[in-house]
Protein chains: 2
Amino acid sequence: MSRLNELRMIARVAQMYHVERQRQADIAKHLRMSQATVSRMLKKAQEEEIVRTTVVAPSGTYAELEAGLRARFGLTEAIVVECSEDRDGAIMARIGEAAAHFLEATLQPEEVIGVSSWSETILRMVENIHPMKSGKAKYVVQTLGGMGNPTVQMHANQLTTRLAKLTGAEANVLSAPGVAQSREAKLVLLGDPFVRETMELFGKITLAIIGIGAVEPSGMLARSGNVFSKRELADVTEAGAVGDMSLRFFDSDGKFVKTPLDERVIGITLEELAKVDRVIALAGGQTKTNAIDGALKTGVIDLLITDKFTAQRLVDTEGQRNAAE
Amino acid sequence: MSRLNELRMIARVAQMYHVERQRQADIAKHLRMSQATVSRMLKKAQEEEIVRTTVVAPSGTYAELEAGLRARFGLTEAIVVECSEDRDGAIMARIGEAAAHFLEATLQPEEVIGVSSWSETILRMVENIHPMKSGKAKYVVQTLGGMGNPTVQMHANQLTTRLAKLTGAEANVLSAPGVAQSREAKLVLLGDPFVRETMELFGKITLAIIGIGAVEPSGMLARSGNVFSKRELADVTEAGAVGDMSLRFFDSDGKFVKTPLDERVIGITLEELAKVDRVIALAGGQTKTNAIDGALKTGVIDLLITDKFTAQRLVDTEGQRNAAE
DNA sequence: GATTTAAGTGAATATTTATTCATAGGTGGA
DNA sequence: TCCACCTATGAATAAATATTCACTTAAATC
């Protein structure tokens, strides 16, 4: 019986605190006890489940999928965006918006941003960033050379420049092709002082924004603008690669896949990426699902922004192997 | 769209704070924002009803009835006890237990307790009090003389003495009948130095424990032990009295009813009672409902302890008149 | 386009809450 | 009955949270 009276009292205290929003000191005075006791009663009220706190996710948000992604891949954070249809265009737009919002909200002063320029999703992100008046970031560093024809390469530089302008940072473009003609050609290009200067900043990057690419005839070929030969692509596939970040490949287990191509790519390596404080990956879409799954397993990524359909597929995938790092 | 992203973020913060029980500073660090912002987001989460806190009353407690009583009668507190049947014996036992628990939990050091001795419910309370080793109260003052035959009078004194012993206080009994034979007899009795000493303490009482009596042939007559004549009782009834506290009467509107009897009663007055810091009334039962209703309307009572049946009747009673003081 | 108004931010600070500490009473075993 | 141990308490204090302040930027109005 005395326990019931005690619970009765606890319930009353909980009522006064949570519903009537009185301060503990006032409740204590009212009931002639110490504030410490009120605090303890409230703790007990939690334990006894006399007070219950529920967090309701607003519709259009996917807290559960996010939690699932975090748990499955050991991510620091995950953002799953609403998306009406499972179509690449729509998905990129939504991810870009969310990424822009996230960047604006969490960008630190003096940040060194690395951006793997050739990704349409990242482009969408940049389009959605509002100019920040007080220069927040320090440098924006392009982490992969331009791709394909000079026009597209120009575009990539512009993306970097624009992001730098929006964040009030200094732009460090990588005035080189993403893929050199040969190992020797790469060495020559690396001799350029501007290229070298930018690449030396790779180690200083505090926030990297990257896209994830899928390795499969259509995707890869389309993106590469024919800089890789069919033969080379076949090699990559045979080596087990399922996707790339900045043209660095990994397999479905998240293991890095070394290929002769590495010798020709001018851009950040996965090892360098792994050392960056925050690595944010932007990717979604049916065709990229496997690539994203592998990318997450590399342990390089801290935060993934994706769409609800892809998130669902990533969480569903039955692979008993335990998640990344 | 940005609003959705903001809500998404708020929901995530709420999740981290309420479910994962992380500190605001840690959440802030994780999401790269200031603790102040996290605090604000959590506030917003409340407003947006993303977090909901519910207080569930443990079964066997009647938070709603208590709230109803408080609202209707302007009480500081109300305690409604579980009770299996609407029968006086059972009700008194439960109220007594609850009162004992409440007293133990909230008794202040140096308290001067006034106790209107002749009430079976109060007796039950005293029976349930555990002895308090460290003398908590200062005095226990009997606020109404004994009633009826000397044996019963003795009993009343014992109740006071016992309560004093249990609370480690000094007992101040009122060695006089509760009702003198006449106005003159009362004056003589008041001349007694011990009686006077006790009555002078009435003004010092910080906590009064009283019962509520019903005015109706059976109740009143039974209690009075024939000290009041039929004629006198009829007068009281005609004056509109519905009940009494310490033999001081009031009507159904809570207005004090002065009667010739007042001249004969040796005990605390309602005016004196009104000045006491905490007045705790113990009463329940079908027959006392109207008396309790009137008593609460006097505005003298700060805290009522009653049973669920009586509480229900008190809250239900439709009297549009607005509640007490 | 200029100017006022409103809204949002982090650092500093005030306020509120949780915990530690010292103490006291209760409990159960020898 | 006495002792060891456990629990509960309030005062003091540590820790955590809310608010103020000064400032910046976005939006609204002229």
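Throughout, a chain's letter reflects where its sequence line sits, starting with A, and its residues are numbered from 1. Heavy atoms only: backbone and side chains are in, while hydrogens, waters and symmetry mates are out.
In terms of the side-chain hydrogen bond (donor to acceptor under 3.5 Å, both in side chains) criterion, B:T76 has no residue partners (sequence neighbours excluded).
Remark: the B:H30 side chain and the A:E77 side chain contain an N/O donor-acceptor pair separated by less than 3.5 Å. No side-chain donor-acceptor contact under 3.5 Å links B:Q142 and B:N172. A side-chain N or O of A:R278 and one of A:T106 form a donor-acceptor pair less than 3.5 Å apart.
Summary for the helix from C:dG1-D:dC30 to C:dA30-D:dT1: the axes at its two ends, each from 5 pairs, differ by 40° when rounded to the nearest 10 degrees.
Each of A:L159, A:V140, A:T198, A:N157 was checked for a side-chain contact (heavy atoms from CB on, under 4.5 Å) with A:V173, and the lone residue meeting it is A:N157.
The minimum heavy-atom distance linking A:K308 with A:V80 is given by the pair CA-CG1, 3.4 Å.
For A:K43, a side-chain nitrogen or oxygen approaches OP1 or OP2 of C:dT19 to under 4.0 Å. Taking only side-chain nitrogens and oxygens, B:Y17 never comes nearer than 4.0 Å to OP1 or OP2 of D:dA16.
Along DNA chain D, the nucleotide closest to B:A105 and the one closest to B:R40 are compared, and the more 5′ of them pairs with B:A105.
Across the protein-nucleic acid pair, A:E47 atom CD and C:dA18 atom P stand 12 Å apart, rounded to whole Å.
At a non-hydrogen distance threshold of 4.0 Å, A:S34, A:A36, A:T37 from residues 22-39 of chain A come into contact with DNA chain D.
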